[in-house]
Amino acid sequence: QVQLVESGGGLVQAGNSLRLSCAATGLTFSWYGMGWFRQAPGKGREFVAAISGSGGLTNYADSVKGRFTISRDNAKNTVYLQMNSLKPEDTAVYYCAKVARYDIGSSETQYDTWGQGTQVTVSS
């Protein structure tokens, strides 16, 4: 049974940084791409970033390009999201997700397993 557990959320001031982690169990981690999504209050879940199984390919939403960096440590079965220059509009619950097949796309339908989420709140 695949399980994903996020950590690292919290309350930060605008302009500061935060690093989220997602620990995976129950799978051969390096075989699968991983992604991060977020859901702000009253809004739908939106794509943030994704990374291939090897870590050689990444994909970012335009809203976070240049500020967020996704990475992974396959020896630790963990994917990270480094978030710099945070803005109040980045406030959301952040979820990590496992790619169902091969593509590290931006659609929720391409992911088949989700973590419980971690809250990130950015104050102005």
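Keep in mind that this is a model prediction, so the values were computed, not measured.
Hydrophobic clustering of Ile, Leu, Val, Met, Phe, Trp and Tyr side chains at less than 4.5 Å, counting indirect connections, unites Val2 with Tyr32. Under the 4.5 Å side-chain heavy-atom criterion for ILVMFWY residues, no single connected hydrophobic cluster contains both Val79 and Phe47. In terms of hydrophobic clustering, with Ile, Leu, Val, Met, Phe, Trp and Tyr side chains grouped at heavy-atom distances under 4.5 Å, Tyr60 and Ile104 are assigned to different clusters. Linking ILVMFWY residues whenever their side-chain heavy atoms come closer than 4.5 Å, directly or via other members, leaves Val99 and Val48 in distinct clusters. Under the 4.5 Å side-chain heavy-atom criterion for ILVMFWY residues, no single connected hydrophobic cluster contains both Ile70 and Tyr111.
For the pair Arg72 and Phe29, the cation-pi test (distance below 6.0 Å, angle within 45°) is passed. For Arg19 and Tyr80, the positive end sits near the middle of the six-membered ring, less than 6.0 Å away and at most 45° from its axis.
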*asked:* Determine whether Trp114 and Leu4 satisfy the following criterion, side chain to side chain contact (heavy atoms under 4.5 Å, CB included), listing intermediate values before the conclusion.
replied: CA-CA 6 Å; Trp114 297 81; Leu4 304 175; 5.7 Å; no

_Using the rule given for side chain to side chain contact (heavy atoms under 4.5 Å, CB included), can you reason through Val64 versus Trp36, listing the C-alpha separation, both sets of side-chain angles and the distance that settles it, and then say yes or no?_
CA-CA 12 Å; Val64 306; Trp36 286 97; over 6 Å; no

*May I have the step-by-step check of side chain to side chain contact (heavy atoms under 4.5 Å, CB included) for Arg38 and Thr91, ending in yes or no?*
CA-CA 9 Å; Arg38 65 186 182 186; Thr91 295; over 6 Å; no

*For Val93 and Thr118, run side chain to side chain contact (heavy atoms under 4.5 Å, CB included): C-alpha distance rounded to whole Å, both residues' side-chain angles, the deciding distance at 0.1 Å, then the answer.*
CA-CA 5 Å; Val93 177; Thr118 185; 6.0 Å; no

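Between the side chain of Glu6 and the backbone N or O of Gly117 there is at least one donor-acceptor pair closer than 3.5 Å. Although no hydrogens or angles enter the test, the distance criterion places no donor-acceptor pair under 3.5 Å between the side chain of Asp103 and the main chain of Gly105. Checking side-chain atoms of Asn16 against main-chain N and O of Asn84 turns up no donor-acceptor pair under 3.5 Å.
For the pair Gln82 and Ser17, the minimum side-chain heavy-atom distance is below 4.5 Å. Considering only heavy atoms from C-beta on, Glu108 comes within 4.5 Å of Arg45 through its side chain. No side-chain heavy atom of Gln119 sits under 4.5 Å from any side-chain heavy atom of Tyr94.
Rounded to the nearest 0.5 angstrom, Leu27 CG and Thr25 OG1 are separated by 7.5 Å. Atoms NZ and CD, on Lys98 and Gln110 in that order, are 12.5 Å from each other to the nearest 0.5 Å. With values rounded to the nearest 0.5 angstrom, Leu57 atom CG is found 4.5 Å from Ser52 atom OG. The distance from the OG atom of Ser54 to the CH2 atom of Trp31 is 15.0 Å, given to the nearest 0.5 Å. For the atom pair Ser124 OG and Glu89 CD, the distance stands at 10.0 Å (nearest 0.5 Å). For the atom pair CE (Met34) and OG1 (Thr113), the distance works out to 8.5 Å, reported to the nearest 0.5 Å.
Residues Gln116 and Val5 come closest through the heavy atom pair OE1-CA, 3.8 Å.
Donor-acceptor pairing under 3.5 Å is lacking for the side chains of Asp73 and Thr78.
Centroid-to-centroid, the aromatic rings of Phe37 and Tyr95 stay 6.0 Å apart or farther.
Using a 4.0 Å cut-off between charged side-chain N and carboxylate O, Lys65 and Asp62 make a salt bridge. For Asp90 and Arg67, the salt-bridge test passes: some basic side-chain N is under 4.0 Å from an acidic carboxylate O.
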